Amino acid sequence: MTTGNFTDWAGAIVDIGPIYPFVGLEALFWILGMAFWVYWQVCQSVQERRGWEEDLSKFGDKPLPTAES
Amino acid sequence: MSDPVDALVVIFTEFYYWVTIPLMFLIHVGFCMYEVGASRWRNHMHTLMKNTMLIPLVTVTFFFFGWWIYFALPNGPGITGGLLEAPWATGWSPLMGPHLGGATAGFSSDDTILWSRLNGVFWAAFLLFSWTAASIVSGAVIERIRSTAFWMAAVLIGSVTWIIDASWGWHPDGWMVQKLGYHDAYASGVIHAVAGGFALGLLTVLGPRLNKFRADGTARRILPQNPWLVCIGLFLIYVGFWGFYVACNVPFYDIQAGEEVFYSATTIYLTPTTLSAITYNFLMSLSGGLLMGYMVSRGDAFWTYSSGLAGVIAASAGNDLYHPIQAMFIGALGVIFMYKMHYWVERRFKIDDAVGAVAVHGYAGVFGVVVAGFMLWGYPASPNPDYATVSPLGQLIGAFVMFFVLGFLPAFILAKILNRFGMLRVPKAVELAGLDLGEIHTRAECAAELEQATAQSGREPSGRQV
C-alpha cells in the first residue's frame with residue numbers, strides 16, 4: 001500500500017515526477033479548494049453581520065471605555 | 001540537472017526568487033503597521049484583521065486561477081491572438097506542487113526540469129505583488145468598509161485585474177509590449193497605478209469617513225493615532241521594496257542575439273539590466289522623493305515618508321535605464337504631482353483617501369509611466385525587433401489602461417453592486433461607536449473582572465494568587 005507513485009528513491013530520479021500523495025486527483029483537490037474558499041466567504045459575510053448586530057444590542061448604548069486596562 | 005553548471009543556474013535562480021519572498025513579506029508587515037497607526041484606536045483590530053486576512057484569500061485564489069491568467073492572457077485574448085496554453089500554471093497542474101522534474105504527461109523533460117523548480121518561487125514572487133496591490137487599496141478604505149466587501153475587492157485586484165495587466169504589459173510577449181512598446185520595468189503602472197485607480201474606484205462609491213468634511217465642504221484632518229507606527233511601517237515598506245525590485249528581474253539569461261552568448265540579468269521583458277543599475281536608481285529616486293516630500297509638506301513626517309515611496313514609484317517604470325540623477329529628479333517631480341493631486345481631488349470630489357494611497361501609488365504610478373514615454377522615447381521595449389518601441393503615446397495609453405480600465409472601473413462596478421445589496425459599508429451606528437466595539441467592551445469587562453478577583457484574593461488569609 002502506498003499513497004504515492006513511488007516506493008523508494010533508488011530508481012532514476014527523473015522518472016519520479018510529482019512526489020505528493022494521491023497523484024492524479026489534482027482536479028478534485030482544486031474543486032474542493034475552490035468550494036472551501038467560496039464557503040468561507042459566505043460564512044464570514046453572515047458572521048460579520050450577526051457580530052455587529054450582537055455588539056450593538058449589547059454595547060451600543062454604552063460609552064466606550066476611555067483607556068484599555 | 002545532470003550537468004553541474006546547468007543545475008547551478010536552475011538552483012541559483014530558484015534561490016534568487018525565494019530570497020525576494022521574505023523580503024517582500026516585510027511590505028505587508030509595513031502596510032499593517034501603517035494602517036493600524038493611521039486608524040483611530042476604536043478601529044485598530046478591525047483594520048489589522050482586514051489587511052491580514054487578504055493574505056490567505058489572495059494566496060489561495062492566486063493559486064486556483066491567478067497564476068494561470070498571467071500566462072494565458074498576453075494576447076488579450078483577441079488583440080494579438082487567442083488564449084495561450086499554460087499547463088504548468090493551472091490550479092490542477094502536477095507542476096503546481098512538489099515535483100522532481102522529468103516524465104509527466106503533457107510536458108517535455110526540459111519543461112519539467114525548469115518548471116518543477118522555478119514554478120513555486122516564481123508564483124510566490126508574483127503572489128507577493130498581488131498582496132501588495134490589495135494592501136495598497138486596504139489603507140485607503142479604513143474605518144468604514146465591511147471586511148466582506150474589502151476581501152472580495154482584494155481577490156478581484158490581487159488575483160484577477162492586476163495579473164491581467166501583468167499579462168498584457170509586464171510579460172515579454174504581452175500585447176501592450178508588442179503594439180504599444182509599453183515599458184514599465186519596476187511596475188509604476190502594473191502594480192501602483194492599477195492599485196491606486198482601484199482604490200479610487202472603491203472610494204468613489206464608499207464615501208468619506210463620518211465627519212471627514214465640514215458643512216462648508218472643507219476637509220477636517222483625521223490625524224494618525226500613532227505617527228510612530230505609521231512611519232516605521234513605511235520604513236519597513238522601503239525594506240520590502242528591495243525584494244520587490246529584485247523580484248522584477250530575471251537573474252541569469254542569455255541576452256546576446258545570434259550565435260554568440262552573453263549572460264546578464266534582465267528585466268521581466270528580457271531586456272538587459274544589472275542589479276547595480278537598479279540599486280543606484282532605487283536609492284536616488286527614493287532620495288529625490290524624500291527631499292521633495294519634506295519640502296512640499298514642510299517636514300510632515302507622514303508625507304515625507306510617503307514621498308520617499310512615491311519617488312521610487314514615479315521612477316520605477318524606467319529605473320532599469322535612467323541615469324541616477326534623472327531618477328532623482330523624476331522621483332522629486334512625481335512627488336509634487338501626487339501631493340498636489342491628492343489635495344485637489346480631496347477638495348474637488350470629496351474623496352477621503354485615509355492614507356494617501358491613491359496619491360502615492362496611483363498618481364505617482366501614472367506619472368512614472370507617462371514620463372518614461374518621453375524619457376525613453378524610441379528605446380526598444382523588447383528584445384524582439386518586430387515589437388513597437390517606447391513612445392509617449394504608448395505609455396499614455398498604457399497608463400490609462402492600468403489606472404482606469406483595470407483599476408478604477410472594476411472597483412467602481414464591484415462597489416456599486418455591493419452597495420446595492422448593503423454589503424459595502426459598515427452600519428452608521430457601528431462606525432460611530434467604533435468597529436472594535438465588541439472587542440473593546442469585552443476586554444474592559446474581562447480586565448474589570450480580573451481586577452476584582454485580584455483585589456478579593458489579596459484579602460484572603462492564605463494569600464493565594466488568582
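Predicted model, so just to flag it, every value in this text is computed and none were measured. Quick note on labels: first sequence line is chain A, next is B, and so on, each numbered from 1.
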Chemist: Pick from B:Thr148, B:Leu432, B:Val155, B:Val430: which one has the most heavy-atom pairs with chain A under 4.5 Å?
Modeler: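 Winner by heavy-atom pair count: B:Thr148.
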Chemist: As a test of understanding, state which of B:Pro94, B:Ser93, B:Pro87 forms a side-chain contact (heavy atoms from CB on, under 4.5 Å) with B:Thr90.
Modeler: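 Testing each of B:Pro94, B:Ser93, B:Pro87 against B:Thr90, the sole residue satisfying side-chain contact (heavy atoms from CB on, under 4.5 Å) is B:Ser93.
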Chemist: Which answer fits A:Phe59, side chain, backbone, both or neither, if we ask what part of it has an atom under 4.5 Å from a heavy atom of chain B?
Modeler: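 For A:Phe59, heavy atoms of backbone and side chain both lie under 4.5 Å from chain B.
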Chemist: Tell me yes or no: between the side chains of B:Glu143 and B:Ser39, is some donor less than 3.5 Å from an acceptor?
Modeler: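 No pair is found: no donor N or O on one side chain lies under 3.5 Å from an acceptor on the other.
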Chemist: Looking just at side-chain N and O atoms, do A:Trp37 and B:Thr61 make a donor-acceptor pair shorter than 3.5 Å?
Modeler: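 Result is no, nothing qualifies.
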Chemist: Which atoms of B:Ser116 come close to chain A, meaning under 4.5 Å heavy atom to heavy atom: side chain ones, backbone ones, both, or neither?
Modeler: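 B:Ser116 has no heavy atom closer than 4.5 Å to chain A.
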Chemist: Is the distance between the ring centroids of B:Phe122 and B:Trp67 less than 6.0 Å?
Modeler: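 Between B:Trp67 and B:Phe122, which both carry aromatic rings, the centre distance is below 6.0 Å.
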Chemist: Check whether the ring centres of B:Phe71 and B:Trp88 lie less than 6.0 Å apart, and answer yes or no.
Modeler: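 B:Phe71 vs B:Trp88: aromatic centres under 6.0 Å.
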Chemist: What residue, out of B:Leu95, B:Leu437, B:Asp436, B:Thr442, has the most heavy-atom pairs lying under 4.5 Å from chain A?
Modeler: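 Among the listed options, the one with the most contacts to chain A is B:Leu437.
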Chemist: Checking heavy atoms, do the side chain of B:Pro427, its backbone, both or neither come under 4.5 Å from chain A?
Modeler: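 Contact with chain A is through the side chain of B:Pro427 alone.
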Chemist: Flag the one option from B:Phe65, B:Trp151, B:Phe63 with the top tally of heavy-atom pairs under 4.5 Å to chain A.
Modeler: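 Answer, by heavy-atom pair count under 4.5 Å with chain A: B:Trp151.
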Chemist: Please determine, among B:Val60, B:Val426, B:Ile113, the option with the most heavy-atom pairs under 4.5 Å with chain A.
Modeler: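 It is B:Val426.
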Chemist: In terms of side-chain heavy atoms, does B:His99 have a donor or acceptor partner in B:Thr112 at a distance below 3.5 Å?
Modeler: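 The criterion, which ignores hydrogens and geometry beyond distance, is not satisfied for B:Thr112 and B:His99.
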Chemist: Of the backbone (N, CA, C, O) and the side chain (C-beta and beyond), which part of B:Met96 lies under 4.5 Å from a heavy atom of chain A, both, or neither?
Modeler: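 Neither; nothing under 4.5 Å.
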Chemist: Looking at B:Ala433, B:Pro98, B:Cys446, which has the largest count of heavy-atom pairs under 4.5 Å with chain A?
Modeler: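 Of the options given, most contacts go to B:Pro98.
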Chemist: Looking just at side-chain N and O atoms, do A:Tyr20 and A:Glu26 make a donor-acceptor pair shorter than 3.5 Å?
Modeler: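 Yes, A:Glu26 and A:Tyr20 have a side-chain donor paired with an acceptor closer than 3.5 Å.
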